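We name chains A, B, ... by the order of the sequence lines, and we start the count at 1 in each one. In this text the structure is predicted, and so the values were computed from the model without any measurement.
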Amino acid sequence: MNYQYTSEFRQALVEWFKKEHRDLPWRHTKDPYKIWVSEVMLQQTRVDTVIPYYNRFMDKYPTSESLAYAAEEELLKMWEGLGYYSRVRNLQAGVREVVETYGSKVPDNRHDISKLKGVGPYTAGAILSIAYGKPEHAVDGNVMRVLSRVLNIDADIALPKTKKIFEDAVMELIDPENTSAFNQGLMELGALICTPTSPKCLLCPVRDFCTAFQEGDPTTLPVKSKKVKTKNIDFDVLVIRDSEGRFLMEKRAETGLLANMWQFVMIERVKDANSFAQAQQRYNLVLDDNLAVPIDSFKHVFSHLKWLIDSYLVDCLQAPEQLPINMKFFTKDQIEQIPMPVPMLKIWGKIK
DNA sequence: AAAGCGTGGAA
DNA sequence: TTTCCAAGCTT
């Protein structure tokens, strides 16, 4: 963009945002902690999904101190259904560091804030510009889409190195007097007007500055390569019930997929193998497998893989005195307090 | 640099 | 149904 137009672009964008922005819960505060929480929740997650989680989270953890020392199990339960569960563990680690080494004051510079767990280039810039009014870039998918069109940038946004082009562009364009409205304006524009398909160019406040609009078809940008095909895995999920009506659950590993979440017993279904026999052998159980009752069969799609699940309710006739430390029989009431991933919630919903 | 990491909504 | 996501970060 010709440099002489940047002030007009800034003004058009900022004024549009101040007039047309949505009324969202996290837009009623400048508390860096609350902005931080909202930004982490919004990572790869839709606004409509986040709103009820954000409100519940702020009711429970209104300050950084209240979050810093919350029990991880309770925290995961608050995050249940939001996905990307490592976000909340990193968030707590970062908040705890702020409480313990920064006197509960979120750092106001990129160098320090970027060292906090779970705070990457985008989140750092968002907190700095929205809560502190600092002229810092906050480049997300919206910003890359909007600016690729406005500035006619055809670099592949799937490549990590491409992001610097947009960060540099934002630093050239940003309104130093309205950093919050400018950065949020770019994102709001991407969410409401400059959408991936069918952009509403006739309503766009920066249409006059948009190269792609002038060229005719903004939807040709951005350029984005890379599509990953998901891998399929078959599982039998065994809802194992003991004589007291309790259910056997196991806690997943501390890292990786659905870390630290609880699940019913899962056995990968292998050709010609009996999952009930596998479970009995692996955990030293005696199951009434002749009377197993099918519960549900469904698929659950992750970003990079797909679970094909058959689930069964089966009674446990005998269990060892000492189960592995990550396994336990829980009552119905206890299960309601345990963080479970969505596919397990779906099964639980059928039998509780 | 590329892959791993959730979920539900929309085209 | 299938595809592509939506205010990314970590390893």
How many whole angstroms separate atom [atom1] of [X] from atom [atom2] of [N]?
{"X": "A:Leu42", "N": "C:dA6", "atom1": "CG", "atom2": "P", "result": "14 Å"}
{"X": "A:His137", "N": "C:dG8", "atom1": "NE2", "atom2": "P", "result": "15 Å"}
{"X": "A:Lys163", "N": "C:dC9", "atom1": "NZ", "atom2": "C1'", "result": "9 Å"}
{"X": "A:Lys299", "N": "C:dT3", "atom1": "NZ", "atom2": "P", "result": "10 Å"}
{"X": "A:Trp79", "N": "C:dC9", "atom1": "CH2", "atom2": "C1'", "result": "12 Å"}
{"X": "A:Glu254", "N": "C:dT10", "atom1": "CD", "atom2": "C1'", "result": "17 Å"}

May I ask you to list the residues sharing a hydrophobic cluster with A:Ile267, side-chain cutoff 4.5 Å, ordered by chain and number?
A:Leu238, A:Ile240, A:Leu248, A:Val265, A:Phe276, A:Tyr283, A:Leu285, A:Leu287, A:Tyr312, A:Val314, A:Leu323, A:Met327, A:Phe329
Suppose you measure atom P in C:dC9 against the same atom in B:dG8; what distance do you get, rounded to whole Å?
22 Å
Write down the distance separating the P atoms in C:dA6 and B:dG4, rounded off to the nearest Å.
22 Å
Side chain to side chain contact (heavy atoms under 4.5 Å, CB included) involving A:Lys332 - partner list, sequence neighbours excluded:
A:Phe247, A:Trp348
Please determine if [X] and [Y] form a salt bridge, counting it only when a charged side-chain N lies under 4.0 Å from a carboxylate O.
{"X": "A:Glu15", "Y": "A:Lys18", "result": "no"}
{"X": "A:Arg10", "Y": "A:Asp175", "result": "no"}
{"X": "A:Asp156", "Y": "A:Lys224", "result": "no"}

May I ask you to say what [X] touches in the nucleic acid, namely base, sugar-phosphate or nothing, with a heavy-atom cut-off under 4.0 Å?
{"X": "A:Trp307", "value": "nothing"}
{"X": "A:Val119", "value": "sugar-phosphate"}
{"X": "A:Thr123", "value": "sugar-phosphate"}
{"X": "A:Arg252", "value": "nothing"}
{"X": "A:Lys224", "value": "sugar-phosphate"}

Suppose we screen for side chain to side chain donor-acceptor pair (under 3.5 Å). Which residues come up paired with A:Ser86, at least two apart in sequence or across chains?
none
Pick the closest DNA chain C nucleotide for A:Lys117 and for A:Leu24 by heavy atoms, then say which residue is nearer the 5' end.
A:Leu24
Pair listing, salt bridge (charged side-chain N to carboxylate O under 4.0 Å, His left out) test, anchored in residues 179-198 of chain A, at least two apart
A:Arg22-A:Glu188, A:Arg27-A:Glu188
Scan residues 187-204 of chain A against DNA chain C and write down, sorted by residue number, each residue with any heavy atom closer than 4.0 Å; if none is found, say none.
A:Met187, A:Pro196
Does a sphere of radius 6.0 Å around NZ in A:Lys117 hold more than 12 heavy atoms from other residues, nucleotides or ligands, not counting ones at 6.0 Å or beyond?
no
When A:His300, A:Lys346, A:Met261 are each screened for side chain to side chain contact (heavy atoms under 4.5 Å, CB included) with A:Pro341, the one that passes is A:Met261
Could you run down nucleotides 2-10 of chain B 5' to 3' and tag each one B, S or - for protein heavy-atom contact under 4.0 Å?
--SBBBBB-
